[in-house]
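Per chain, numbering begins at 1; letters A, B, ... match sequence-line order.
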There are 2 protein chains.
Amino acid sequence: MHTIGTLARRTGAKVQTIRYYEQIGLMPEPGRSAGGQRRYGDADLDRLAFIRHSRQLGFPLDAIRELLDLSDHPDRDCGAADSIARRQLREVENRMARLEALKRELQRMIGECRGGTTSDCRVLEVLRDHSECLADNHDDVG
Amino acid sequence: MHTIGTLARRTGAKVQTIRYYEQIGLMPEPGRSAGGQRRYGDADLDRLAFIRHSRQLGFPLDAIRELLDLSDHPDRDCGAADSIARRQLREVENRMARLEALKRELQRMIGECRGGTTSDCRVLEVLRDHSECLADNHDDVG
DNA sequence: CCTTGAAGCTATAGTAGCTGTAGCTCTTAT
DNA sequence: ATAAGAGCTACAGCTACTATAGCTTCAAGG
Ligand SMILES: [Zn+2]
Ligand SMILES: [Zn+2]
Ligand SMILES: [Zn+2]
Ligand SMILES: [Zn+2]
């Protein structure tokens, strides 16, 4: 039996985060000690580790909910799990592409500034006027 | 004189977003019509365009607050503006590096899965056990 | 002048995923 | 018996908006 603090230490999650996961139904309500403190088993530890690891790989909580559900049913087809992972990969690739574009704009405006007063600042000029940008439209940052 | 809707159309911001910027002090309180509706001048339009453009380049609102302040004082040294932009560039580069690492892990786990049931799913195996990962620790996702 | 529909108003709650705080109580070791 | 440390609930706050409800104002057509 583990306390919530032990789970936190073993998984790297904050104590409040574990209670939050319980609140939103991602972690089950655990048993309680005589005094009302949470007591967890090894299965809870595994589940929390799964959640934290998935979060570190960027999966949103509702995707993790589905992944946990699949993981709880060992005889199902794994296609669903794979497609969630592929969706996450596409999401990561999209974000990277957007960031790459931002990076280029930032590098350019920083590189073009020759110092002086803010009235001559190339950085501020670009921010004032998007037509100074390379891209003709920036996608949403997300 | 422009209505809030005109500002929204001209800058791509939502009407509620403009009122939100006013509420947090990023946009000034504009004049009002006899009936109490907001009426903006061209300077407000420029300011909002500056804010939206900066947002599209990923600057957080408090950085934008500083940039606006610098932009409002044309005789200051532009070093401060440049260093805000450089900070933002570093932020973008960090995020990209983290995403690159995630991308590799996702690609690998997807590529290794040979289908079958969820008990054999390589994706779920990796999520269960971080030691299956390439990286020995994933940084925060942010 | 009157009507009508679009646009504006305030206030409030919700989004994602936590994190921090206040003011308690419980556990455990000495 | 006491005291430190950990746990408890409940709630506020974070970023940057977005959506809704229920109302009022504006501008154009008749
Ligand atoms: Zn400069
Ligand atoms: Zn631009
Ligand atoms: Zn699979
Ligand atoms: Zn891992």
The answer to which of A:Pro60 and B:Arg39 contacts DNA chain C further toward the 5' end, by nearest nucleotide, is B:Arg39

Over how many whole Å does the gap from B:His2 atom NE2 to C:dG8 atom P extend? 13 Å

Can you tell me the distance, in whole Å, between the CD1 atom of A:Ile24 and the C1' atom of C:dA16? 9 Å

Under 4.0 Å: is that the gap between some side-chain N or O of B:Tyr21 and OP1 or OP2 of D:dC17? yes

B:Arg55 vs D:dC17: side-chain N/O to OP1/OP2 distance below 4.0 Å: yes

Rounded to whole angstroms, how far apart are OH on B:Tyr40 and C1' on C:dA7? 14 Å

What is the distance, rounded to the nearest whole Å, between atom CE of A:Met27 and atom P of C:dC18? 13 Å

Between A:Tyr21 and A:Arg47, does a side chain to side chain donor-acceptor pair (under 3.5 Å) hold up when you go through it step by step? CA-CA 11 Å; A:Tyr21 287 158; A:Arg47 191 176 175 94; over 6 Å; no

Is the phosphate of D:dC26, meaning OP1 or OP2, less than 4.0 Å from a side-chain N or O of B:Thr3? no

In whole angstroms, how far is the P atom of D:dC17 from the CD atom of B:Gln23? 13 Å

On DNA chain C, check which nucleotide each of B:Gly36 and A:Gln37 is closest to and give me the residue with the more 5' one. B:Gly36

Taking the side chain of B:Arg52 as its heavy atoms from C-beta onward, which of C:dC9, D:dC17, C:dG20 lies nearest to it? D:dC17

So, does A:Arg38 get its side chain near the phosphate of D:dG7, meaning an N or O under 4.0 Å from OP1 or OP2? no

Which pair of heavy atoms, one from B:Asp82 and one from A:Cys113, lies closest together, and at what distance? OD2-SG, 3.2 Å

Within the structure shown, what part of the strands sits under 4.0 Å from B:Arg9 by heavy-atom distance: base, sugar-phosphate, or nothing? nothing

Nearest to the side chain of A:Leu61, which nucleotide is it out of C:dC18, C:dT27, D:dC26? C:dC18

Would you classify B:Arg19 as touching base, sugar-phosphate or nothing, given that sugar-phosphate means primed atoms plus P, OP1 and OP2, and contacts are heavy atoms under 4.0 Å? base

Supply the atom-to-atom distance B:Met27 CE to B:Thr17 OG1, rounded to the nearest 0.5 angstrom. 11.5 Å

Quick check: is A:Leu48 connected to A:Met1 through a chain of hydrophobic side chains (ILVMFWY, heavy atoms under 4.5 Å apart)? no

From CD1 of B:Ile18 across to P of D:dT18 the rounded distance in Å is 11 Å

Identify the residue among A:Thr6, A:Ile4, A:Leu45 that makes a side-chain contact (heavy atoms from CB on, under 4.5 Å) with A:Tyr40. A:Ile4

May I have the distance from B:Lys14 (atom NZ) to C:dA7 (atom C1'), rounded to whole angstrom? 16 Å

Looking only at the side chain of A:Arg32 (C-beta and beyond, no hydrogens), which of the listed nucleotides D:dT18, C:dG20, D:dC8 gets closest? D:dC8

Distance check: side-chain N/O of A:Tyr20 vs OP1/OP2 of C:dA16, anything under 4.0 Å? no

A:Gln88 (side chain) donor-acceptor with A:Gly58 (main chain) under 3.5 angstrom: yes

Closest to the B:Val15 side chain, choosing from D:dT18, C:dG8, C:dG20: C:dG8

Using a 4.0 Å heavy-atom cut-off across all strands, classify B:Phe59 as base, sugar-phosphate, or nothing. nothing

Of the nucleotides D:dT25, C:dC26, C:dC9, which one has an atom closest to the side chain of B:Ser33? D:dT25

Could you check how far CD of A:Gln16 sits from P of D:dA12, rounded to whole Å? 16 Å

